[in-house]
Amino acid sequence: MGPFVPDLRGKFNRFLSDIQLLQYLIVFFGLFNLSLCLYEDQVGKFDWRQNYVGKIKFASFDTVSAAKKIIVATEENVVAALNLKSGQILWRRVLEQGCAGHVRALGGVSDGDLITVSGGVPAIVRAWDLATGHILNEWPLAEQNPERLDSPLISFNTTGLYDPERIEDVMWHIKDGTLHHILPTYNGDAHKTEVEVTSYDSKTGEKLKSRKIDAAFISKESTCVLAVPYIACIDQPDLADKVYIQHLYATDSDFQAIPVIQIFGSETGHLSNLESVPGDEPVVSVSRDNGQTKRIIVINTESAPIPNDLSKDTALYITTADEGKVLLQTSFENQVANVAAVELSTFSPIPNLSVSLSHNSIQAPTIVASICPRQPKGTGCRHLLSSEDHSVALLQHSRLVWVREEALANIVAVEMMELPMSDREQAIETEFDQKENFDVDGSWDVVSMMVRRICSQANQLKGLLQAVMGFSPPQSTQRADLVRDEFGLHKMIVAVTSAGKIYGIESKRGEIIWQLRVKNITGFSKASKKMVLYVQRGSRHFPHPPQCALLAADKETGNGVIYTFNPMTGQPLGEVTRLGYKIKQSMLLHVSTDDFLRPIILLDTEDSVHAFPESAKATAASVAKSVYIFTADQETGVLSGFSLAYSTPEELIAHMVWQVILPTKTQQIVDVVSKSTIERVHSQGRVLGDRSVLYKYINPNLVAIVVQGVGSTHKNTLTLYLLDVVSGAMVFSVVHKRVRGPFHVVHSENWLVYSYFNEKSRRTEIATLELYEGKTQSNTTAFSSLTTTVLPIVERQAFIFPASIEFLQETITEKGITSKHIMVALANGGILELPWMLVDPRRPINPEMREEGVIPYMPEIPIQMDAIVNYNQSIARVSGIHTSPSGLESTCLVFVYGLDLFYTRVAPSKTFDVLKEDFDYYLITIVLLALTVSSYVTKKLASRKAQKQAWK
Amino acid sequence: MNSPYTWIPVLLAVILSAVGSELDYDGWLRLRVWHALNKGPMPNFIERGNITVTSVRSGASTVAQAGLKSSELDELRKLAEDDREYRLKASVRGSSGTETTFFTSVPACLVLGSELEDFLTVWLDGAAEPVAVSLSSYGPCSREVPSTQMWTTEVQVRYPEAGPVPDTATYIQKLEREREARERGETKDNRSFLAKYWMYIVPAVIFVLLSSATNPEAGGAGGGGGGAQR
C-alpha cells in the first residue's frame, strides 16, 4: 500500500499537467485558426492606402493634452487630429457630405475641449474628445428667426428658423465653453439695425443669454467681420469711407468710426476688402483702391490704425511671443516663402522669429495656426502653413518638419501609364531602330548597321566589366526601380487635382515621384470641377518622351488651357498654352503623327475646330472623313453631332449632322456615359442552351444619356437614352418612375449597369440592360453606325442591392478575355468586387430554362464579405475608381480615389495565366528529367529488344 | 392641288412592339420636314413635305410630300458620289403646342440604293414630348440615279419603355412552391428506416468495426480476430 499512494499522486499530478498542456494546446490552436481566417500575410502586399483630410479651413494647436497634436477642420468636412512630429493622422472624423457638413467654426481647444459648428440651418454643434475623436455631445442650434415677426411669408420648412441663406452671415465665436452666435439683422429701417448676440453653453446647448446691440451703421450691402470682442464693418465695398467698430459684449459702449484719412493719411480713395486678421488680438486689415495698399487697425477702446503699408498679397497672422503681440507677414516670391515677424505695436522687426524657406510643395502659403512657446533656448515658433495648392506644412524653429499633400484629397482626373524601359533595354531598342536605315527600295545599309551593332555591344561589354570590377555605374537619369516590369504590374499613376496640381505616383507603394503645379486653372464646369487628361504618346516610343496633355479652363476668363508634360519625370514639355477660346468638346485622335504623337481635336463654343498641336492639322484632315464629335449641353438639353468631313489640310471644319433636344422643361441631363476607348471585346456572341449563338450588339459609338426629371409632375423619374453619336440615331430608351439619385452608370461591351434609389420601396437597386443583334450578325468584320439600322434586342433586369452605392466602375483587361467584374464603392467604405454574372439580365426566373454559366434569378444581390477588396481598410467618400489593364490578361489594376487613395489589383477570372506562388518547380523539373532519362533508356532497351528479335 | 408635285398620301399603321406603353393619353404630332441637297458645311434647306402622326400611341400617320425633281436627283447623286450625307431638318409640334426642331442625316448613297425609301423615327420622352427625330435608310450603298422620284417614307413613333423592377413576387412564389413541394415530399416519404438514415448508420458501423479491429483484447475475446495476438 505504501508505494502505491505516491504512485497515485504522481499519476494525479501528471493528469493535472496534462490538462494544463491541453488547455495551452486549445488556446494555441484557437489562435492558429483565427490567423488562418485573416490571411494577414497578404495585407498590404498588393495594395496600399493613403488617408487625407483636405484643404485646411480651421486649425488649432492642442497644447493642453499630454500628446501634442494639431486639430484641423477642412473644406472636405473633416475634423481630424494630426501628429505634431510626423503629420500623421491620429484620428479623423468625416462629417456629412455637402452643405450639411460644412464646418463653420472650431474652437475651445485651448480649454481642453473641442467644439465644432457645422451644417446649415439648423447648425449642429458637437463637442469632441481631444484624445480619441469621439463625440461627447451633439445638439442642434435651432435659432428663432428674428425677422419672423415682420414677415408672415415664411415657407414651411424654415418655420421658426431664419432663412437658410443667412447662415453665411452668421459669425461664430467659441470661448470659455460658451458658443456665441452673432447675426447682424436689418429690417430695412436703418434705425432698427441690430446685431443679435446669443450665447449658449457649448456642451449642453442651454441658451445662456441673448442680447441685441444697436448698430445703425450696418446696411444690407455692408461687409462685417468679427474681431473678437468687436465687430467691424464697412459700407458697400469700393464706396466706403469709414470703418465702423462696435464692441459686442459691452452694451453701453458706442461705436467708433475711423475715416479713410485716419487710416491711410490721405482723403482720397475708398475702402475695400475688410478682413479680420486671425490670431490672438482683435485686428482687422483694410485696403484701399482695389487692394493696392493695405493697412491694419488694432482694435481696442481707442482703435489705432498702424501707418505702415503692407503688400496686398501678404497673409497676416498675430501670435503671442514673450508676452508681446507679434504680427507675422507671409509672402511668396520666386518660389521662396517668407515669414516676416514684426512687433505689432512698434512694427520693429524680430529677426529670430522670421523665416524664409523654399520647398516644392509650399506655394503661396498662409499661416492658419501659430504658437510660440517659451523654451529654455529662447522663444521659437511653430507655424502651420496651408498653401494655395492645398498642401499643409509645419514649420518649427524656422525648419520644415513635415508636409502633407492634401491636394490628393480632391483628384479630378487620373491616368495609369506604363513605365519606360530600363536604360539597357533602351540601348538595345536604339540598336534595332532602323527607321533611317530603310532605303526607298528597302535595301539595308549593311556597314552602318555593323558599326552600330559593334558599338552597342562594346558598350554592353564595358558596362558588364564596370559592374564586375566594382566601378560605380554611370549616372542614370531614371531611378532603378522605375522601369517596366515583366508583367506590366508596376505603373505610374498620373493624378490631376482640383488645386491644379499634378502628381506622379508610383503604383507599387504609392510613393509620390514628382509633382507639378499649373497656376490659375479650374475645371470646365463649376459643379463637377472636371479636367481632362489625355495620353498623347505612351512610353513605348523611345527616344520620344511620353507625353500627357491636361485640358482645363482658365480661372479668370474660362478659356481653355492646355499643359503638356512628361508623365514619367514630371518635366513640362513646353509652356502652358492659354487658348483664346472656350473649349466645348475635345477628343484624342486615333491616328498619330510621324513622331507617334496623337493630336487632340478641340471644338470651341463657336463650333470651330482646332488641332493641338497646330502642326497636326494635316494628320487630322487626312482622317477627317471618319471623325465625328458630339456635344451635350446640360443647360439647354441640346445634343449635337458634328462631322469633320469638309475639312481641308489647311482648315478643319465641323458641320452638324444631327441634333437631339431634350426639353429642359421636364428633364435635365445628369450624365453622359460612353464606353472606354481602350476596351476590347473578345467574344462576339453568347452561346445559348440550344447551342445557337446570340450575337452581341457591340457599338463603340453608343452613348448612354442619363436624364433626371424636373418639375413637380416628372420629378423622381430617371430616363436613360441610348444614342448612337455618329449617326444620331436613338437606339433605346427606358424610364424608371419614382426613383431618385444618386445615379451611377457603367457602360461597357454590350451592356449597361446602373444604380438608383427606389423611392417607393426605399432601397437601392441595380438595373442591367444588355443589347443583342439577334441570331445573325449584320457585319462580321467591323461595326458601322451609318449602315446598321436594325435596332437591338434589349434584355433587362433589376436587382435589389442591400447597400448604398458611391461609385461604379467595371474592370478592364488587355484583350477582354477575362470576365468582367464591377467595382462598387459602398458608402460604408468598402470596395466590392461584384461579378457581372450576378447582374446578368438573362438570369432565368424559371430554373428549367438554364443556360451555361447562368445563375438562376434572385432578386437580391448578396454582398459577400470576402469580395470586399479593401478588407478592413475603409475608403472614405469615394469620388472615382480608375481601372487599367496590366500586362497580364488576368489582372486589372484598380485605383480608388476620393478623400482616401487606395490601390490594388484584382483578377476577375482568377490568375489563370500566372503560376501559383507555391508552385513546385523542383518536382516538375525532376519529373521532366526522369521522363527524359527514362524515355532514352526505354528507347535503348526497345532497340535492343528489336535487335534480339531480328536475330531470332 | 395645282402644284406640279404629286402628293402621295401614305398611311401606315405601325404596330409598336414596345412592351408596357407608358403614355397615359393619346396625342398627335405635326412634322414639317426640310432637306438639304447641297454640298458644303452649311445646309441649304428646302421644303420636303408634311407628316401628321394622328395617334402617338398607335403610330398612325399621314405623309404628304413632294417627289424629287430630276435636278434634285442629280444633286443627290453628286452627294452620294462624294460620300456626303443627305441632311434633314424636322420641326415637330406636339399636342402641348411647343415646336422643336431636330436635325438628322443619312449617307446619301443609302437613300439612292434603297430607291428613296426611308424611315423617320420620332422618339418621345416619358411626357410625350419629342426628343429626337432620326432618319435611316437600309441601303445598299449605290451611286446610280434611282428609278423613282417618289419618296416612300415610313414613320415610326417610339417612347421609353418601362424600366425593369426587381421581380420579388415571382421569386417568393417560387420559394413558396419549393417549400410546398418539400412539405408534400416529406409527408409522402414512406421509405424504410434504413433507406432514410443509411448515411448515419454506415459511418457508425464502420466506426464500430474499426475500433473493434484495433482493440486487441476485444478481438481476442471474440476469438475471430486472430492476427492481433502478441
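Order of the sequence lines fixes the chain letters, A, B, ..., with proteins taken first and strands second; residue numbering starts at 1 for each chain.
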For this session: Check step by step if side-chain contact (heavy atoms from CB on, under 4.5 Å) holds for L662(A) and D125(B).
Result: CA-CA 8 Å; L662(A) 304 174; D125(B) 67 357; over 6 Å; no
For this session: Over all heavy atoms of both residues, which pair between T98(B) and K665(A) is shortest? Give the atoms and the distance, please.
Result: CG2-NZ, 3.7 Å
Exercise. Quick one: does S134(B)'s side chain have a donor or acceptor within less than 3.5 Å of a partner on G728(A)'s backbone?
Worked result: no
Problem set entry | Proximity breakdown for E765(A) and chain B, heavy-atom pairs closer than 4.5 Å | side chain
For this session: Select, from K89(B), M42(B), K39(B), the one with the greatest count of heavy-atom pairs under 4.5 Å involving chain A.
Result: K39(B)
Problem set entry | T168(B) versus chain A, the contacting section by heavy-atom distance below 4.5 Å | both
Exercise. Taking the side chain from Y171(B) and the backbone from P859(A), do they hold a donor-acceptor pair closer than 3.5 Å?
Worked result: no
Problem set entry | Part of L791(A) lying under 4.5 Å from any heavy atom of chain B | side chain
Problem set entry | Gap separating the CE atom of M656(A) from the CZ atom of F103(B), nearest 0.5 angstrom | 5.5 Å
Exercise. Taking the six-membered ring of F732(A), is the NZ or CZ of R158(B) close enough (under 6.0 Å from the centre) and on axis enough (within 45°)?
Worked result: no
Seminar exercise, completed: The interface call for Y756(A) against chain B, heavy-atom contacts under 4.5 Å, is side chain
For this session: With rounding to the nearest 0.5 Å, note down the distance linking SG in C109(B) to CG in L786(A).
Result: 9.0 Å
Exercise. Which atoms of P140(B) come close to chain A, meaning under 4.5 Å heavy atom to heavy atom: side chain ones, backbone ones, both, or neither?
Worked result: neither
For this session: Counting only heavy atoms closer than 4.5 Å, note whether S727(A) contacts chain B via side chain, backbone, both or neither.
Result: backbone
Exercise. Given the rule in the side-chain contact (heavy atoms from CB on, under 4.5 Å) test, do H736(A) and V165(B) qualify, once you have shown the distances and angles that lead to the verdict?
Worked result: CA-CA 9 Å; H736(A) 287 264; V165(B) 282; 5.7 Å; no
Exercise. Once you round to the nearest 0.5 Å, how far does CD1 of I845(A) lie from NZ of K174(B)?
Worked result: 9.0 Å
For this session: Kindly determine whether V735(A) and E161(B) satisfy side-chain contact (heavy atoms from CB on, under 4.5 Å), including the steps that lead there.
Result: CA-CA 6 Å; V735(A) 63; E161(B) 300 179 17; over 6 Å; no
Exercise. Of all heavy-atom pairs between R84(B) and A645(A), which one has the smallest distance, and what is that distance?
Worked result: NH1-O, 3.1 Å
For this session: Measure the spacing between CE of M858(A) and CG of D167(B) and express it to the nearest 0.5 Å.
Result: 13.5 Å
Problem set entry | P166(B) side chain reached by Q797(A) side chain, heavy atoms, under 4.5 Å | no
Seminar exercise, completed: For A798(A) and P164(B) the tightest heavy-atom approach is CB-O, 3.5 Å
Seminar exercise, completed: On a heavy-atom basis, the closest approach of K625(A) and D82(B) is NZ-O, 3.5 Å
Exercise. Of the backbone (N, CA, C, O) and the side chain (C-beta and beyond), which part of F642(A) lies under 4.5 Å from a heavy atom of chain B, both, or neither?
Worked result: neither
Problem set entry | Considering all heavy atoms, the nearest E129(B)-P663(A) contact | CB-CG, 4.0 Å
For this session: Sort E860(A) into side chain, backbone, both or neither according to what part of it lies under 4.5 angstrom from a heavy atom of chain B.
Result: neither
Exercise. Under a 4.5 Å heavy-atom cut-off, does chain B meet the side chain of Y857(A), its backbone, both or neither?
Worked result: both
Problem set entry | Neighbourhood of chain A inside residues 110-121 of chain B, taking heavy atoms under 4.5 Å as contact | L110(B)
Problem set entry | Which atom of Q659(A) lies closest to which atom of T101(B), heavy atoms considered | OE1-O, 4.2 Å
For this session: With rounding to the nearest 0.5 Å, note down the distance linking CG in L88(B) to CH2 in W658(A).
Result: 15.5 Å
Exercise. Between atom CH2 of W123(B) and atom OG of S733(A), what is the distance when rounded to the nearest 0.5 Å?
Worked result: 5.0 Å
